[in-house]
Q: 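Okay, handing you the structure first.
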Amino acid sequence: MSENTIEKEGVVKTNNFIHQIIDEELKAGKNGGRVHTRFPPEPNGYLHIGHAKSICLNFGTAQKYNGLTNLRFDDTNPSKEDTEYVESIMEDVHWLGFDWGDRLYYASDYFDQLFDFAVRLIQEGKAYVDDQDAETISAQKGTPTRPGTESPYRNRSVEENLDLFMRMKAGEFNEGDCVLRAKIDMTSPNMHMRDPIIYRIMKTPHHRTGDKWCIYPMYDFAHGQSDYWEGITHSICTLEFEVHRPLYDWFIDQLKDSDYRPRQIEFARLNLNYTVMSKRKLLELVKNNHVNGWDDPRMPTICGLRRRGYTPESIRAFAERIGVTKTDGVIDVSLLEYSIREDLNKRAQRVMGVIDPVKVVITNYPEGQVEQMEAINNPEDPAMGTRMVPFTREIYIEREDFMENPPKKFFRLSPGTEVRLRYAYFVTCTDVIKDPEGHIVEIHCTYDPASRGGNSPDGRKVKSTLHWVSATENVKAEVRLYDRLFNDEEPDGHKDIDFKEFLNPDSLKILPECYIEPFVKNVKPLDHFQFERLGYFTVDPDSTPEKPVFNRTVQLKDNWQKIKQNG
RNA sequence: UGUCCUGUGGUGUAAUUGGCAACACGUCUGACUCUGGAUCAGAAGAGUCCAGGUUCGAGCCCUGGCAGGACAACCA
């Protein structure tokens, strides 16, 4: 481990490049040692794992430097935004374990100040009203390689601009009739400096300000100013805003009256393979019913991951592990899966559940007898204690745990072999009962009464231990197995193929008849379990007292699968 | 024929004023185990996009290339 990393709460924390910048600033005495960040989502969709990275970065950075973080909704476009999203975003940030205290803000809080600032720019000859339509303005902007040309309205008088802007505000014009532009430089090599539009007319009611306004500031005209007014020191955003920074700084230059100025720093957004992350595409999946809502457990949304069984701790650990840089990359989902396994391994209650049941009859076991077997709740944490599991003559085991003609490295049950039933007995397969089509319907075994609890007094060993559930003393449950939503590593990375073409048709498998040991009788949604040998499962909100529903969060690592695949 | 940003094992990150390229995931061995999990021990895998230069010494500095990304919404 290098000196640039420390270990905290079992997670290695790297001093990323933003922290290095802050360290240097602090050393130079900037901002009086103050660190103040903000998380600024637009309330136009649900948060996803990429936002989680940003949340952890912004809140985590402030925590590290004993600073503060604001939650600010960037709500400058009423046509896309809604309070539904505001609420879900607040819920998700809290769930992740962060709190903004009393510092909840909206860009719309600043509409008056923003308007006044625009008026000031007009008065200083730094902004003008342009009557041209969108296409004309766009054409005049030039291209990235060709300079733009000036608007014929660029040199209107201050008085005329003021008058027109007031009338824009008063609603005298229709949408698209005119816009307010900053007067900067139409020949700048940076497109964003070519007289950017800062106010446009939108006759759409706003989810917070109602119909008070019919002109709304653009992102570039709201974000930096909001940062400034809130005293933000570090405005951390993703790489695509890099080219906006000169404009961000230009507005701050017009505004600042002291040494203080917020600093925009960009980092690479998170990309995960086998999924899509853009709000537009996620919305499309929801609207076209490719998934069952924003919180579908296959979605990379925070609410989806939550329902899938991810814990806030695991997501925070993941965010820490992937680091913060300016290099665009793609993170392998196996790293996310590692993070949840690591967390749940330490904490999850173990339980036995059979999701693809086949009946086993222990022919020499007394009919009607029920024995309570003591089972360990979590071998990683003895403090979690033990529980009792009922054992009976008829049980279920996993269909996959039996093979009539086993290959070499198959250690599980097959005719004539002896295995251990976890916490119960050694059993030996004596017979296989099939239906007329040849499907196995029942397996007959005999048990060794001397092996009660799972060990034989003569010291003989078995190669395998199977999980099992009593066929009479159990809880019947529905289990939902999830696989990756897309079959392609980069579903939206193909020029001529729509990302939906790569949707995995087998991403959801519903198993309506699973049997779980009675311990799960009174579970609550979002309780986490390890079904031994299978994976981690969480209780879905669809559960009823009569029939719990479990979502498989992630499988356990499975060597047998590998051996099978590699022949 | 522009501006800005970025190039380090398969993946993600690290490397203090230049000093034997480190860590994690993944992969592969082996040990242990009442989960083919976990744990433990070990291995393979890059010579840092390329070419020059400075230097005793360059992933770090300089020059020139190459490659990838962002930018032409009245979106954020």
Side-chain angles (χ1 to χ4, degrees), chain A residues 1-5 12 14-16 40-42 44 74-77 79-81 107 130 133-134 137-139 141-148 175-181 188-194 197-202 215-216 218-220 222-223 237-246 266 268 273 279-280 321-332 334-339 341-342 345-346 350 352 375-376 379-380 409-412 420-424 426 453-455 461-467 530-535 555-563:
Chain A
M1 199 181 295
S2 83
E3 293 178 25
N4 196 23
T5 58
V12 176
T14 296
N15 202 16
N16 64 54
E42 182 187 16
N44 68 342
D74 229 330
D75 55 351
T76 56
N77 185 353
S79 68
K80 291 188 172 179
E81 298 151 6
D130 196 329
D133 60 31
I137 290 176
S138 168
K141 277 211 172 154
T143 69
T145 56
R146 227 185 258 273
E175 288 189 11
D177 282 356
C178 49
V179 291
L180 186 69
R181 293 228 254 169
S188 169
N190 184 329
M191 297 287 291
H192 295 278
M193 300 298 274
R194 322 239 263 228
I197 290 164
I198 58 179
Y199 263 96
R200 80 288 211 184
I201 298 169
M202 286 186 101
I215 56 172
Y216 291 95
M218 300 287 288
Y219 163 85
D220 285 308
H223 201 98
C237 62
T238 47
L239 244 27
E240 67 268 27
F241 292 102
E242 220 155 19
V243 285
H244 292 242
R245 194 179 346 122
E266 310 85 11
N273 59 7
K279 279 187 193 170
R280 203 207 88 225
R321 236 180 298 260
I322 61 179
V324 179
T325 63
K326 300 190 74 154
T327 48
D328 252 314
V330 184
I331 308 282
D332 199 297
S334 64
L335 199 58
L336 220 207
E337 291 174 348
Y338 170 81
S339 299
R341 284 197 195 101
E342 180 198 43
N345 176 50
K346 285 182 303 201
R350 260 94 278 212
M352 290 196 287
I376 294 165
E380 304 293 317
K409 286 186 174 166
F410 186 82
F411 302 151
R412 282 112 96 145
R420 171 168 39 232
L421 294 175
R422 183 146 226 223
Y423 302 125
F426 284 10
N455 280 305
K461 303 274 185 208
V462 289
K463 274 190 140 173
S464 177
T465 299
L466 306 187
H467 63 276
Q530 185 195 97
F531 288 5
E532 294 217 28
R533 300 208 304 135
L534 295 178
Q555 282 178 276
L556 255 29
K557 279 215 251 171
D558 191 348
N559 257 309
W560 170 238
Q561 289 293 340
K562 270 183 207 159
I563 293 166

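Every chain is numbered from 1 and lettered A, B, ... according to where its sequence line falls, protein lines coming before strand lines.
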Q: Treat primed atoms plus P, OP1 and OP2 as sugar-phosphate and everything else as base, then score nucleotides 70-76 of chain B 5' to 3': B for base contact with protein heavy atoms under 4.0 Å, S for sugar-phosphate contact only, - for none.
A: SBBSBBB
Q: Rounded to the nearest 0.5 Å, what's the gap from CD1 on A/I197 to CG on A/D130? Could you check?
A: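 Interatomic distance, A/I197 CD1 to A/D130 CG, rounded to 0.5 Å: 7.5 Å.
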Q: Checking all strands, does A/Y216 fall into the base, sugar-phosphate, or nothing category for heavy-atom contacts under 4.0 angstrom?
A: nothing
Q: Tell me, for nucleotides 37-46 of chain B in 5' to 3' order, what letter each nucleotide earns: B for a base near a protein heavy atom under 4.0 Å, S for only sugar-phosphate near one, - for neither?
A: BS--------
Q: Could you check A/E242 against A/K326 for salt bridge (charged side-chain N to carboxylate O under 4.0 Å, His left out), going step by step and ending with a plain yes or no?
A: CA-CA 11 Å; A/E242 220 155 19; A/K326 300 190 74 154; 2.9 Å; yes
Q: Quote, to the nearest angstrom, the P distance that separates B/C60 from B/U6.
A: 15 Å
Q: Between A/L556 and A/L534, is any pair of side-chain heavy atoms under 4.5 Å apart?
A: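 Not in contact.
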Q: Distance check, C1' atoms only: B/G30 and B/G36, in whole angstrom units.
A: 15 Å
Q: So, is B/A14 syn or anti if syn means the angle is within 90° of 0?
A: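 Classified anti.
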Q: If I pick the C1' atom on B/U13 and the same atom on B/G7, what distance separates them, to the nearest angstrom?
A: 14 Å
Q: Nearest 0.5 Å, please: how far is CG in A/L466 from CG in A/L421?
A: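 Answer rounded to 0.5 Å: 6.0 Å.
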Q: When you compare the side chain of A/L239 with that of A/D328, does any pair of heavy atoms fall below 4.5 Å?
A: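 Yes, at least one pair of side-chain atoms sits under 4.5 Å.
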Q: With rounding to whole Å, what would you report as the distance between B/C40 and B/C25 at their P atoms?
A: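 Here B/C40 and B/C25 have their P atoms 10 Å from each other.
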Q: For A/I563 and B/C28, what is the distance between atoms CD1 and P respectively, to the nearest whole Å?
A: 10 Å
Q: At what distance, to the nearest 0.5 angstrom, does CG of A/D220 lie from CD1 of A/I198?
A: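 Atom-to-atom, A/D220:CG and A/I198:CD1 are 10.5 Å apart.
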Q: Is there side-chain contact between A/N77 and A/R200, with at least one heavy-atom pair below 4.5 Å?
A: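 They are in side-chain contact.
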Q: Before we go on, tell me: are the rings of A/W560 and A/F410 under 6.0 Å apart, centre to centre?
A: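 Ring centres of A/F410 and A/W560 closer than 6.0 Å.
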Q: Considering every strand and a 4.0 Å limit on heavy-atom distances, what is the contact class for A/S464: base, sugar-phosphate, or nothing?
A: nothing
Q: How do A/V324 and A/T145 order along RNA chain B: which one's closest nucleotide is nearer the 5' end?
A: A/T145
Q: In this structure, how many angstroms lie between the P atom of B/U35 and the CD atom of A/Q555, rounded?
A: 19 Å
Q: Please report, rounded to the nearest Å, how far the C1' atom of B/G26 is from the CG atom of A/L335.
A: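 One finds 9 Å between C1' of B/G26 and CG of A/L335, rounded.
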Q: Taking ring-ring contact (aromatic ring centres under 6.0 Å, His included) as the test, write out the residues that go with A/H467, two or more places apart.
A: none
Q: Report the distance from atom CG of A/L336 to atom P of B/G26, rounded to the nearest whole Å.
A: 12 Å
Q: Between B/A21 and B/G47, how many Å separate the two P atoms, rounded to a whole number?
A: 12 Å
Q: It should be established whether A/K326 places a side-chain nitrogen or oxygen under 4.0 Å from OP1 or OP2 of nucleotide B/G69.
A: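 Negative; the distance criterion is not met.
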Q: Contact class for A/F426 vs. all strands (heavy atom < 4.0 Å): base, sugar-phosphate, or nothing?
A: nothing
Q: Restricting to salt bridge (charged side-chain N to carboxylate O under 4.0 Å, His left out), what partner residues turn up for A/R341, sequence neighbours left out?
A: none
Q: Can you check whether any acceptor in the base of B/G36 is under 3.5 Å from a donor in the side chain of A/R533, or vice versa?
A: no
Q: Can you tell me how far CG of A/D74 sits from CD of A/E81, rounded to the nearest 0.5 angstrom?
A: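 These two atoms lie 8.0 Å from each other.
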Q: Just to be sure I understand the rule, does A/K463 reach a base, reach only the sugar-phosphate, or reach nothing, if contact means heavy atoms closer than 4.0 Å?
A: nothing
Q: Kindly label the base of B/G47 as syn or anti, based on whether its glycosidic torsion lies within 90° of 0.
A: syn
Q: When all nucleic acid strands are considered with a 4.0 Å heavy-atom cut-off, which category describes A/N455: base, sugar-phosphate, or nothing?
A: base
Q: Are A/I331 and A/L336 side-chain neighbours, meaning at least one heavy-atom pair lies under 4.5 Å?
A: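 No, their side chains stay 4.5 Å or more apart.
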Q: Distance check, C1' atoms only: B/U8 and B/A70, in whole angstrom units.
A: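 Pairwise C1' distance, B/U8 against B/A70, rounds to 23 Å.
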Q: May I have the distance from A/N16 (atom CG) to B/A15 (atom C1'), rounded to whole angstrom?
A: 15 Å
Q: Taking the same atom, P, in B/C49 and in B/U11, what whole-Å distance lies between them?
A: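 That atom pair is separated by 13 Å.
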Q: Just how far is it from atom OG of A/S334 to atom CG of A/N273, taken to the nearest 0.5 Å?
A: 7.5 Å
Q: Could you spell out the base pairing of RNA chain B in dot-bracket, with Watson-Crick or G-U pairs whose two distances are under 3.5 Å, [ ] crossing and | to another strand?
A: .((((((..((((.....[..)))).(((((.......))))).....(((((..]....))))))))))).....
Q: To the nearest 0.5 Å, tell me how far A/N345 CG sits from A/Y338 OH.
A: 10.0 Å
Q: Between A/E342 and A/R321, is there a side-chain N and carboxylate O pair less than 4.0 Å apart?
A: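 Yes, charged N to carboxylate O under 4.0 Å.
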Q: N/O contacts under 3.5 Å, protein versus nucleotides 7-11 of chain B?
A:
| from | atom 1 | to | atom 2 | distance (Å) |
| --- | --- | --- | --- | --- |
| B/U11 | O3' | A/V330 | O | 3.4 |
| B/U11 | O2' | A/V330 | O | 3.3 |

Q: Distance check, P atoms only: B/G65 and B/C4, in whole angstrom units.
A: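 Roughly 14 Å separates the two P atoms.
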Q: Would you call A/K80-A/E42 a salt bridge at under 4.0 Å N-O?
A: no
Q: A/R194 near the nucleic acid: base, sugar-phosphate alone, or nothing, with a heavy-atom cut-off under 4.0 Å?
A: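 Nothing: the residue A/R194, judged by heavy atoms under 4.0 Å, touches no strand.
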